[in-house]
Amino acid sequence: MEIVKIGLLGLVSVGIATFIKQTRPELSYLFVVCVGLFLFYLCFDAFMTVADMTRQIGETVGNYDKYIQMLLKIVGISYISEFCGGMCKDAGYQTLGKQVETAGKFCVLLTGLPVFFTLIDTIREYF
């Protein structure tokens with residue numbers, strides 16, 4: 001039911017931001033950024049729960065713990081770059097927002113490269 005609260009907060013915030021934007025556009029953007037950070041804070045507990053569960057899985061699996069950590073980093077990079085890119089786009093800087101998202105994609109690629117190399121090494125062992 002948290003998603004219902006988050007969704008309603010987002011919709012109400014858009015309405016308030018639209019109302020504020022008519023008189024003080026700069027305050028409207030500040031309001032949207034603050035609400036966005038608050039929504040991120042609300043999701044932080046869920047993220048920590050997922051991180052703890054993933055850590056437990058990593059302990060039972062053994063040496064695959066580094067891959068699970070890598071997966072969490074990739075998810076974090078994706079969320080942060082999408083959030084920041086969206087904020088840039090909302091401020092009217094679409095090009096900058098796209099560049100932030102593209103930089104996030106490159107960071108995801110760089111973070112995931114060790115998995116690719118491990119896969120290649122595993123394939124070489126069998127052939």
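Since we're looking at a predicted model, the values are computed, not measured. Throughout, residue positions are numbered sequentially from 1 according to the sequence presented.
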Identify the two heavy atoms, one from M70 and one from G112, that lie closest to each other, and give their separation to 0.1 Å. SD-CA, 4.1 Å
On a heavy-atom basis, which atom in A17 and which in V32 lie closest, and how many Å separate them? CB-CG2, 3.6 Å
For residues [X] and [Y]: do they belong to one hydrophobic cluster (side chain heavy atoms under 4.5 Å, members Ile, Leu, Val, Met, Phe, Trp, Tyr)?
X	Y	answer
L42	V12	yes
F117	L110	yes
V75	V108	no
I6	F40	no

Working for side chain to side chain contact (heavy atoms under 4.5 Å, CB included), residues F31 and L27: CA-CA 6 Å; F31 175 75; L27 289 180; over 6 Å; no
Residues in salt bridge (Lys or Arg N to Asp or Glu O under 4.0 Å) contact with D121, at least two apart in sequence or another chain: none
Within-4.5 Å side-chain heavy-atom neighbours: F83 and L37: yes
Contact between S81 and K105 at the side-chain level, heavy atoms closer than 4.5 Å - yes or no? no
Within this structure, what is the [atom1]-[atom2] distance for the pair [X] and [Y], rounded to the nearest 0.5 Å?
X	Y	atom1	atom2	value
I74	Y79	CD1	OH	13.0 Å
L9	I16	CG	CD1	8.5 Å
L71	K73	CG	NZ	11.5 Å
L119	L113	CG	CG	12.0 Å
T111	F106	OG1	CZ	13.0 Å
L96	C84	CG	SG	10.0 Å

Is there a side chain to side chain contact (heavy atoms under 4.5 Å, CB included) between Y29 and M87? Walk through the geometry before answering. CA-CA 9 Å; Y29 181 71; M87 285 295 170; 4.1 Å; yes
What I want to find out is whether K89 reaches E82 closely enough, with some N-O distance under 4.0 Å, to be called a salt bridge. no
For the side chain of S13 and the backbone of V35, is there at least one donor-acceptor N/O pair under 3.5 Å apart? no
